[in-house]
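Working notes, structure below.
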Amino acid sequence: RVGFKASSLGQMMKNGLADRIPAGSGLSFEFFDRFMKAPGRDGRALNEKIDEVLAGIAARKPDGKVTVDNLTDEDFRDLASVRQLIVEAEMPTDLRLVVESKADMLRARHGDHGFYVRSSFNLEDHPEVSASGHYETMPDGKEMNRVKTNAEVLEAVKRVISQKYSEQAFMMRLRYGIADKDVYGGVMIKVPGRSLAPAEEGSKTRSGTMLTFNPSTKDKGEIEIKGALGYGGVVSSKGEPAKVIFNKSTGRITVERGLPEVTTLNEYADGVLRSVDLTGEDSSLEIVSEELVKELASLGMAIEDMYLN
């Protein structure tokens, strides 16, 4: 009821990896459903208004069939208007109190350092449909630069929910023939996590991604690790991240790209996301050392074993 991403993090925490998982709390599909069906000040629910916009898009198509190939700029403007409808909607009092209580609880336990608000949709990180990168995390450096107060958390939750109608997510549903009504949006409110590779004083934070197989060769005996400077560096920075391959059987490390080819990074502090230009000195920093690769690979294989068992 909270999406594959959130439930996976919960399973990892229950299986001995709690010290590696950033603290957080989830908003369920039921929360999403109630928000979308709640009557607004005009007496009409969000899902009713959205259905009208989607019907208008379909009405402009031959035989009323919307496809990826026949989408137009007007259609994308309509999707943007749907996202804005969601962001501007007033959240019912009972749902607002749920969000505020979760944020207050996380502050009391982990300090007032701001939050990341992320998606956990039912089709996200799904075994058959990944939808990776289709939903923005807040703050994103565009719509929001800070998520710290309760009002900012509430706005961030609505912005994440609105990503159901991002251009990427909408086109993905068309490609797979997934009905709009079958997509539910879970949301995670997360405390910023510590880096596995804490930067030295005065240097930059590192972050990255890991896949427990090699996506280039489909080899399940290898692990792909990518790293870059800054929070969310692999998915947010402009350019290519550092990349290494770890062989699970032999422990051999193959460096495919030693340094990230990036020019900017995101720094996150006290709930504020800032874009920073890299200096020449920063751009030459080692991102994924041999020691870090081995630690990450060990964690990756532990997670893999958890799911296999």
Side-chain angles (χ1 to χ4, degrees), residues 2-3 26-61 64-68 70-100 102-103 115-124 131 133-147 149-174 178-189:
V2 291
L27 300 172
S28 68
F29 296 159
E30 180 184 0
F31 178 99
F32 169 86
D33 193 48
R34 289 173 59 192
F35 174 58
M36 299 298 283
K37 291 178 179 178
R41 291 181 177 178
D42 59 0
R44 301 177 67 211
L46 272 173
N47 58 0
E48 180 183 347
K49 298 175 185 178
I50 292 168
D51 284 346
E52 284 187 3
V53 176
L54 298 182
I57 294 175
R60 295 194 290 265
K61 308 303 176 188
K65 184 173 179 59
V66 183
T67 68
V68 171
N70 66 18
L71 287 172
T72 65
D73 289 344
E74 184 178 7
D75 299 330
F76 291 132
R77 286 193 293 271
D78 283 347
L79 290 177
S81 73
V82 168
R83 295 194 296 272
Q84 197 59 30
L85 276 174
I86 295 172
V87 172
E88 294 177 353
E90 185 174 350
M91 188 170 289
T93 300
D94 59 334
L95 299 183
R96 175 177 58 80
L97 291 175
V98 168
V99 174
E100 291 177 347
K102 288 179 179 290
F115 302 99
Y116 272 123
V117 179
R118 306 188 65 193
S119 60
S120 183
F121 280 65
N122 60 327
L123 291 179
E124 194 173 3
H134 291 187
Y135 309 103
E136 293 281 1
T137 293
M138 297 295 148
D140 62 348
K142 295 175 288 187
E143 302 294 345
M144 297 189 76
N145 290 317
R146 189 179 99 148
V147 178
T149 67
N150 281 351
E152 290 164 345
V153 174
L154 286 164
E155 179 184 344
V157 167
K158 290 190 289 184
R159 287 195 180 278
V160 168
I161 288 174
S162 78
Q163 292 300 303
K164 175 180 176 179
Y165 297 97
S166 73
E167 294 178 9
Q168 281 185 301
F170 188 75
M171 290 190 290
M172 182 272 289
R173 295 199 290 275
L174 293 177
I178 299 167
D180 187 76
K181 65 179 179 62
D182 293 330
V183 180
Y184 286 81
V187 179
M188 297 184 291
I189 304 170

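Because the structure is a prediction, the values reported are computed rather than measured.
In this structure, Tyr165 and Ile50 have side chains that are in contact, with non-hydrogen atoms separated by less than 4.5 Å. Val187 is not listed as a side-chain neighbour of Tyr135, based on a closest heavy-atom distance of 4.5 Å or more. The shortest side-chain heavy-atom distance between Lys102 and Val153 does not fall under the 4.5 Å cut-off.
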Inset, instruction - For the pair Glu136 and Arg159, evaluate salt bridge (charged side-chain N to carboxylate O under 4.0 Å, His left out) and give the outcome as yes or no after the intermediate values. - result: CA-CA 8 Å; Glu136 293 281 1; Arg159 287 195 180 278; over 6 Å; no
Inset, instruction - Might you work through the side chain to side chain contact (heavy atoms under 4.5 Å, CB included) test for Phe35 and Val157, ending with a clear yes or no? - result: CA-CA 11 Å; Phe35 174 58; Val157 167; over 6 Å; no
Legend entry - Check against salt bridge (charged side-chain N to carboxylate O under 4.0 Å, His left out), Arg173 and Asp182: CA-CA 10 Å; Arg173 295 199 290 275; Asp182 293 330; over 6 Å; no
Inset, instruction - For the pair Ile161 and Leu27, evaluate side chain to side chain contact (heavy atoms under 4.5 Å, CB included) and give the outcome as yes or no after the intermediate values. - result: CA-CA 11 Å; Ile161 288 174; Leu27 300 172; over 6 Å; no
Inset, instruction - Let me see the working for Phe115 and Met188 under side chain to side chain contact (heavy atoms under 4.5 Å, CB included), right down to the final yes or no. - result: CA-CA 10 Å; Phe115 302 99; Met188 297 184 291; over 6 Å; no
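Judged purely by atom type and a 3.5 angstrom limit, Lys164 has no side-chain atom pairing as donor or acceptor with the backbone of Gly185. The backbone N or O of Glu30 sits less than 3.5 Å from a side-chain atom of Ser28, completing a donor-acceptor pair. In this structure, the side chain of Lys61 does not engage the main chain of Thr67 through any donor-acceptor pair within 3.5 Å. In this structure, the side chain of Arg83 does not engage the main chain of Ser162 through any donor-acceptor pair within 3.5 Å. Not a single donor-acceptor pair under 3.5 Å links the side chain of Lys37 to the backbone N or O of Ala45. With Lys49 contributing its side chain and Ile86 its backbone, the two residues share no donor-acceptor pair below 3.5 Å. No side-chain donor-acceptor contact under 3.5 Å links Asp51 to the backbone of Glu48.
Scanning both residues, Met144 and Pro139, for their nearest heavy atoms gives O-CB, 3.3 Å. Closest non-hydrogen pair, Val66 versus Ala58, comes out as CG2-CA, 3.6 Å. Here the shortest heavy-atom pairing between Ala169 and Ser166 reads N-OG, 3.1 Å.
In this pair, Tyr184 and Phe32 present their aromatic rings perpendicular. The plane angle is above 60°, beyond the 30 to 60° band.
The CG atom of Leu79 sits 9.0 Å away from the CE atom of Met171 when rounded to the nearest 0.5 Å. Remark: Met91 CE to Lys158 NZ distance equals 6.0 Å, nearest 0.5 Å. Rounded to the nearest 0.5 angstrom, Glu155 CD and Met138 CE are separated by 8.5 Å.
Under the side-chain contact (heavy atoms from CB on, under 4.5 Å) criterion, Glu100 pairs with Arg96, Leu97, Asn150, Leu154, sequence neighbours left out.
Checked by atom type, the side-chain pair Asp78/Ser81 shows no donor-acceptor distance below 3.5 Å.
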